[in-house]
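Numbers here are sequence positions counted from 1.
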Amino acid sequence: MTAHSTAAKSDAELYLTRTFDAPRELVFQMWTRPEHLNNWSCPKGMTIPHAEGDIRPGGSYRTCMRSPDGKEYWLSGVYKEIDEPERIVFTHVWDDETGRPGHETVVTVTLREAGADKTQLTLHQAIFASTESRDGHESGWSSAFDNLEDYLAKNG
């Protein structure tokens, strides 16, 4: 059973913490191996029809998420830090309809052992341009973490 997620907010930052029933090395792989990452890293009900990336410090990624009504959302970024199995830091940018990048935030994912085969994940994302953007990301990440929990249960 996965522990309940929590969120803390400031005006421009988001913190989410959740404990998963899986060893830290496996949770780290879910974030760094495309064959896993592309199966859970979007809100429930959405799909990932396109994803490309080079998961290493300095490597970049570009992903498309598609909603059930067919609307596409493109995002991209650069990996700043990959410290296996504990920390991943990357930039996160939504691209507009023309492909032009929008406001950039930095996401830091920290994984800590939380008992036998349990991992506490803390996500920090900053600096948001608005509270609406921060709140939208809170909802999106929380839903993606629900997907990760389901994916780990099937593939752990």
Side-chain angles (χ1 to χ4, degrees), residues 2 5-18 20 22 24 26-111 119-152 154-155:
T2 302
S5 62
T6 59
K9 300 176 186 177
S10 72
D11 286 344
E13 297 178 85
L14 173 65
Y15 287 94
L16 293 171
T17 301
R18 189 177 292 199
F20 294 94
R24 181 168 63 164
L26 181 59
V27 176
F28 186 86
Q29 289 176 13
M30 296 297 163
W31 282 85
T32 57
R33 294 195 179 171
E35 68 268 26
H36 297 305
L37 184 62
N38 298 335
N39 287 297
W40 66 265
S41 60
C42 60
K44 282 197 177 286
M46 297 186 82
T47 59
I48 300 175
H50 175 83
E52 60 186 55
D54 181 11
I55 304 174
R56 63 174 177 80
S60 62
Y61 68 93
R62 188 152 199 263
T63 302
C64 175
M65 293 190 282
R66 184 176 294 149
S67 68
D69 64 359
K71 187 168 182 181
E72 294 185 343
Y73 302 88
W74 288 84
L75 66 141
S76 59
V78 174
Y79 289 96
K80 299 290 192 182
E81 184 180 333
I82 306 284
D83 184 11
E84 185 175 358
E86 183 174 326
R87 187 174 156 95
I88 305 163
V89 180
F90 56 96
T91 61
H92 182 284
V93 178
W94 292 106
D95 299 334
D96 70 13
E97 301 81 32
T98 65
R100 192 175 38 202
H103 179 76
E104 180 180 276
T105 58
V106 176
V107 177
T108 301
V109 175
T110 305
L111 304 173
T119 301
Q120 182 185 62
L121 181 152
T122 300
L123 180 139
H124 173 248
Q125 187 170 5
I127 293 176
F128 289 101
S130 68
T131 54
E132 293 80 15
S133 179
R134 179 204 62 208
D135 292 349
H137 283 82
E138 178 182 350
S139 174
W141 282 117
S142 294
S143 185
F145 291 170
D146 291 344
N147 286 341
L148 177 56
E149 181 179 314
D150 294 344
Y151 188 75
L152 282 165
K154 294 176 188 166
N155 300 285

**Study point:** Residue pairs fulfilling salt bridge (charged side-chain N to carboxylate O under 4.0 Å, His left out) with at least one residue in residues 26-47, sequence neighbours excluded
**Key:** Lys44-Asp150

Check your understanding: Would you say Ile88 and Phe28 make side-chain contact, with heavy atoms under 4.5 Å?
Key -> yes

Check your understanding: CZ/Arg18 to OG1/Thr122 distance, rounded to the nearest 0.5 angstrom?
Key -> 12.0 Å

Check your understanding: Roughly how far, to the nearest 0.5 Å, is the CH2 atom of Trp74 from the CD atom of Glu97?
Key -> 13.5 Å

Check your understanding: Counting N and O atoms only, with roles assigned by atom type, does the side chain of Trp141 sit under 3.5 Å from a partner on the main chain of Leu14, one being a donor and the other an acceptor?
Key -> no

Review point. How are the rings of Phe145 and Trp31 set to each other: parallel, tilted or perpendicular (split at 30° and 60°)?
Key: perpendicular

Review point. Roughly how far apart are Glu13 CD and His137 NE2, rounded to 0.5 Å?
Key: 14.0 Å

Study note, to complete from the structure: For Ala22 and Val27 the tightest heavy-atom approach is CB-CG2, 3.9 Å

Check your understanding: Relative to the ring of Trp94, is the ring of Tyr73 parallel (under 30°), tilted (30 to 60°) or perpendicular (over 60°)?
Key -> perpendicular

Review point. For the atom pair OG1 (Thr119) and CE (Met30), what is the distance rounded to the nearest 0.5 Å?
Key: 10.5 Å

Point to revise | Separation between OG of Ser41 and NE2 of His36, rounded to the nearest 0.5 Å | key: 12.5 Å

Review point. Under 4.5 Å between any side-chain heavy atoms of Ser142 and Leu16, yes or no?
Key: yes

Practice item. Could you tell me which non-hydrogen atom of His50 sits nearest to which non-hydrogen atom of Arg62, and how far apart they are? Key: CD2-O, 4.0 Å

Point to revise | Ring geometry between Tyr61 and Tyr79 (parallel below 30°, tilted from 30 to 60°, perpendicular above 60°) | key: tilted

Check your understanding: Can you name the closest pair of heavy atoms from His92 and Val107 and give their distance?
Key -> CB-CG2, 3.9 Å

Study note, to complete from the structure: To the nearest 0.5 Å, atom OG1 of Thr108 lies from atom CG of Leu123 at 8.0 Å

Review point. Between Thr91 and Val78, is there a donor-acceptor pair closer than 3.5 Å when you use the side chain of the first and the backbone of the second?
Key: yes

Check your understanding: Do NZ/NE/NH1/NH2 and the carboxylate oxygens of Lys71 and Asp69 come within less than 4.0 Å?
Key -> no

Point to revise | Closest heavy-atom pair and its distance - Met65, Cys42 | key: SD-CB, 3.2 Å

Exercise for review: Compare every heavy atom of Ile55 with every heavy atom of Thr32, then report the nearest pair and how far apart it is.
Suggested key: O-CD1, 3.2 Å

Review point. Where do Ala51 and Asn38 come nearest, in terms of heavy atoms and distance?
Key: CB-OD1, 3.5 Å

